[in-house]
Amino acid sequence: MAARAVVGLFLLGALPLLCLELRRGIPDLGIKDIILLCGRIFLLLALLTLIISVTTSWLNSHKSSQVYLKEEEEKNEKRQKLVRKKQQEAQGEKGDEDVVLENQSQTSFETSNREAAKRRNLPKPSTKVSPPAKQPAQEKVPHFPEEPPATAEEVVTVALRCPSGNVLRRRFFKSCSSQVLFDWMMKIGYHTSLYSLSTSFPRRPLEVEGGWSLQDIGITVDTVLNVEEREPSN
């Protein structure tokens, strides 16, 4: 469209010059000269049209490339916002799942204790809150050691496979007392009067003494222990 406008303006500007040339050279101007003059004018018009077309196409391509880059930037920004939104939603769902799993594990611990007590003809655990002095498990909890960092030396990871199917993991120093395993079992809801610990392979009851460390009872590498219900005594 712009090329046509420029060509039209050029024709309007060249027309007076052509008339003036014809008027000045009418006595000596022949048909051959008129043809040559028209040919030159059309040649100039063709060159001008070519130049305008090339310039217009270059400008359009440059403009389209800028538009394409702008669209790509907008798409990248939208994609980044969507990724951040999904990450936030995933973090929120993970927090909700942790709370649900914690509640489910606590419920499964209470249910397993009730079932074990029923099978052994023991009285059901009372729903009333008993005084802290009557809870033997709570007396040992304050002495429970803190979990060492994963980068510490002489550290072993112990996993407890519970009757409910849950698997709990925790790190201990190899020099910790072996009694800490039973303290941990009581802390998560399995009383030592109803449950015991055993190794996975070979399967055997875990024997501990007050003065023995984890290293003394053979736990020198990452180990999986089973929480099993004690057999009722006759």
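Small disclaimer: the values here were computed from a predicted structure and weren't measured.
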Checklist line | Any side-chain heavy-atom pair of Cys162 and Tyr195 under 4.5 Å | finding: no
Notebook entry, point to check: Regarding Asp216 and Ser213, is there a side-chain donor-to-acceptor distance under 3.5 Å anywhere?
Noted result: yes
Item checked: Transitive ILVMFWY side-chain link Phe172 to Ile188, under 4.5 Å -> yes
Margin query: Working to the nearest 0.5 angstrom, can you tell me the gap between Asp183 CG and Thr192 OG1?
Written below: 9.0 Å
Next item on the list: Given side chain to side chain contact (heavy atoms under 4.5 Å, CB included), test Leu160 with Tyr190 step by step and report yes or no.
Entry: CA-CA 11 Å; Leu160 293 187; Tyr190 296 97; over 6 Å; no
Note to self: What's the separation between atom SG in Cys176 and atom CD in Gln215, rounded to the nearest 0.5 Å?
What the structure shows: 11.5 Å
Next item on the list: Report the residues that fulfil side chain to side chain contact (heavy atoms under 4.5 Å, CB included) with Phe42, sequence neighbours left out, ordered by chain and then residue number.
Entry: Cys38, Leu45
Check: Taking C-beta and beyond as the side chain, do Tyr68 and Glu72 meet within less than 4.5 Å on heavy atoms?
Finding: yes
Checklist line | Close side-chain approach of Leu48 and Leu44, heavy atoms under 4.5 Å | finding: no
Margin query: Checking Asn226 against Leu197 for the side chain to side chain contact (heavy atoms under 4.5 Å, CB included) test, could you report, in this order, the C-alpha distance in whole Å, the side-chain angles of both residues, the deciding distance, and whether it holds?
Written below: CA-CA 6 Å; Asn226 298 322; Leu197 293 175; over 6 Å; no
Item checked: Contacts of Ile217 that satisfy side chain to side chain contact (heavy atoms under 4.5 Å, CB included) - sequence neighbours left out -> Ser178, Leu181, Leu206, Val208, Trp212, Leu214, Ile219
Item checked: Residues which pass side chain to side chain contact (heavy atoms under 4.5 Å, CB included) with Ala159, listed by chain and number, not counting sequence neighbours -> Val167, Arg169, Val224
Notebook entry, point to check: Within the distance-only criterion (no hydrogens, no angle test), does the side chain of Ser57 pair as donor or acceptor with the backbone N or O of Thr55 below 3.5 angstrom?
Noted result: no
Next item on the list: Can you see which heavy atom on Arg161 is nearest to which on Ser200, and at what distance?
Entry: NH1-OG, 3.8 Å
Note to self: Would you compute the distance between atom CD of Gln87 and atom CD of Glu89 and round it to the nearest 0.5 angstrom?
What the structure shows: 11.0 Å
Next item on the list: Not counting sequence neighbours, which residues clear side chain to side chain contact (heavy atoms under 4.5 Å, CB included) with Arg204? List them please.
Entry: Thr199
Notebook entry, point to check: Partners of Arg40 by salt bridge (charged side-chain N to carboxylate O under 4.0 Å, His left out), sequence neighbours excluded?
Noted result: none
Donor-acceptor pairs under 3.5 Å, side chain of residues 144-158 to any protein atom, not counting sequence neighbours: which ones?
from   : atom 1 : to     : atom 2 : distance (Å)
Glu147 : OE2    : Arg171 : N      : 3.2

Checklist line | Closest non-hydrogen atom pair, Ser193 against Arg230 | finding: O-CD, 3.7 Å
Margin query: Contact between Arg79 and Leu82 at the side-chain level, heavy atoms closer than 4.5 Å - yes or no?
Written below: no
Note to self: Would you say that more than 12 heavy atoms from the other residues, nucleotides or ligands in this model lie under 6.0 Å from the CZ of Arg203, or not?
What the structure shows: no
